[in-house]
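In this chain, residues are counted from 1 in sequence order. Worth saying up front: this structure is predicted, and the values here are computed from it rather than measured.
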Amino acid sequence: MSAEVFGPRRIREESALLRTVNPSTGALPFQSLMVADLGDVNVNLFNLQDSCRLIREAYRNIAAAGCIPLTLGGDRTITYPILQAIANKHGPVGLLHVGAHTDTADKALGEKLSHWTPFRRCVEEGLLDCKRVVQIGIRGSSMTVDPYRYSRNQGFRVVLAEDCWMKSLVPLMAEVRQQIGGKPLYISFSIDALDPAYAPGTGTPEVAGLTPSQALEIIRGCQGLNVVGCDLVEVSPLYDLSGNTALLAANLLFEMLCVLPKVMAV
């Protein structure tokens with residue numbers, strides 16, 4: 001069993017420290033929206049294909065009800081069936097993907113469906129508006145000389161972590177906002193985007209990542225965009241007994257909640 005299966009539970013536990021107002025941005029999410037925890041989606045731990053089917057069906061119902069889902073994860077694979085459901089309602093969506101890896105491999109250990117492959121599957125099924133896809137925080141060793149070729153060939157903007165070192169990402173997000181425009185946007189944030197000094201509780205950590213303050217700049221930079229869904233994935237509590245990774249994840253999800261459409265600010 002993947003250690004990420006315990007991620008949502010630990011994020012919920014750490015979220016008890018959160019409050020209702022974001023004084024930095026003035027956002028009042030709980031006063032603006034009806035917010036509810038719908039609990040875990042029932043999955044089949046012995047069959048990944050069936051799990052994806054169950055997730056896709058659940059999120060189609062959520063989207064049909066007019067809800068904007070913020071998902072706690074968990075394995076990165078879940079983003080694929082979620083985007084199937086989101087695109088079923090909105091058509092091809094823009095994507096802001098923050099993470100250490102592009103997750104565009106064709107196969108992993110011979111399998112087409114894994115946490116290394118979701119965005120390639122999304123491209124193949126026409127779920128993404130590729131000219132409005134941005135990947136931020138990408139880094140790490142690789143099995144090939146140019147591991148970013150596939151993403152760039154699709155028209156994705158790939159922002160390497162080293163291009164973010166020691167700087168504010170507010171100017172970058174101004175460019176991203178212009179690229180994304182007013183069409184539907186999905187935010188997918190892998191906790192491994194953060195340097196493992198801040199977020200060690202993940203299955204595939206990579207050194208020299210983003211800082212928490214840069215993560216906040218990225219999410220806050222999405223305020224005013226047409227966000228139709230978000231996820232925070234790859235939290236693996238067994239690698240971080242302090243709970244700090246899940247605490248950071250809970251705060252990032254709160255920040256996502258604060259940038260959703262119709263959230264009032266003072």
Write down the atom of [X], the atom of [Y], and the distance for their closest heavy-atom approach.
X    : Y    : value
D129 : P92  : N-CB, 3.9 Å
A100 : E206 : CB-CG, 3.8 Å
V123 : C130 : CG2-SG, 4.2 Å
E125 : Q84  : OE1-NE2, 2.9 Å
P118 : Y80  : CB-CB, 3.9 Å
R152 : V158 : NH2-O, 3.6 Å

For [X], I'd like to know if atom [atom1] has over 12 heavy atoms of other residues, nucleotides or ligands within 6.0 Å.
X    : atom1 : answer
E13  : CD    : yes
K107 : NZ    : no
K183 : NZ    : no

Nearest 0.5 Å, what's the [atom1]-[atom2] distance between [X] and [Y]?
X    : Y    : atom1 : atom2 : value
L210 : C164 : CG    : SG    : 5.5 Å
L248 : Y198 : CG    : OH    : 10.5 Å
L28  : N22  : CG    : CG    : 9.0 Å
F254 : L17  : CZ    : CG    : 12.5 Å
N47  : L54  : CG    : CG    : 9.0 Å
I68  : L260 : CD1   : CG    : 5.0 Å

Is it true that a side-chain atom of [X] and a backbone atom of [Y] form a donor plus acceptor pair closer than 3.5 Å?
X    : Y    : answer
T202 : P205 : no
W165 : A208 : yes
R56  : P81  : no
S51  : N44  : yes
T117 : K112 : yes
T77  : H115 : yes
R139 : H101 : no
R177 : Q223 : yes
E14  : R10  : no

Ion pair present between [X] and [Y], side-chain N to carboxylate O less than 4.0 angstrom?
X    : Y    : answer
E57  : R60  : no
R121 : D103 : no
R12  : D40  : yes

Check: Does a donor on one side chain and an acceptor on the other come within less than 3.5 Å for D231 and T71?
Finding: no
Next item on the list: Determine whether the side chains of S242 and D240 contain a donor N or O and an acceptor N or O closer than 3.5 Å.
Entry: yes
Do [X] and [Y] have side chains that get closer than 4.5 Å, going by heavy atoms?
X    : Y    : value
E217 : M173 : no
I136 : L96  : yes
V41  : Y59  : yes
L185 : V228 : no
T211 : D195 : no
T79  : S188 : yes
V98  : S190 : no
Q135 : V159 : no

Is there a path from [X] to [Y] through hydrophobic residues (I, L, V, M, F, W, Y) whose side chains come within less than 4.5 Å of each other?
X    : Y    : answer
V170 : I187 : no
V21  : L216 : no
V259 : L169 : yes
M256 : V134 : yes
V35  : V227 : yes

Margin query: Checking ring-ring contact (aromatic ring centres under 6.0 Å, His included) between H97 and each of Y186, F119, F156, F189, which is the one that passes?
Written below: F119
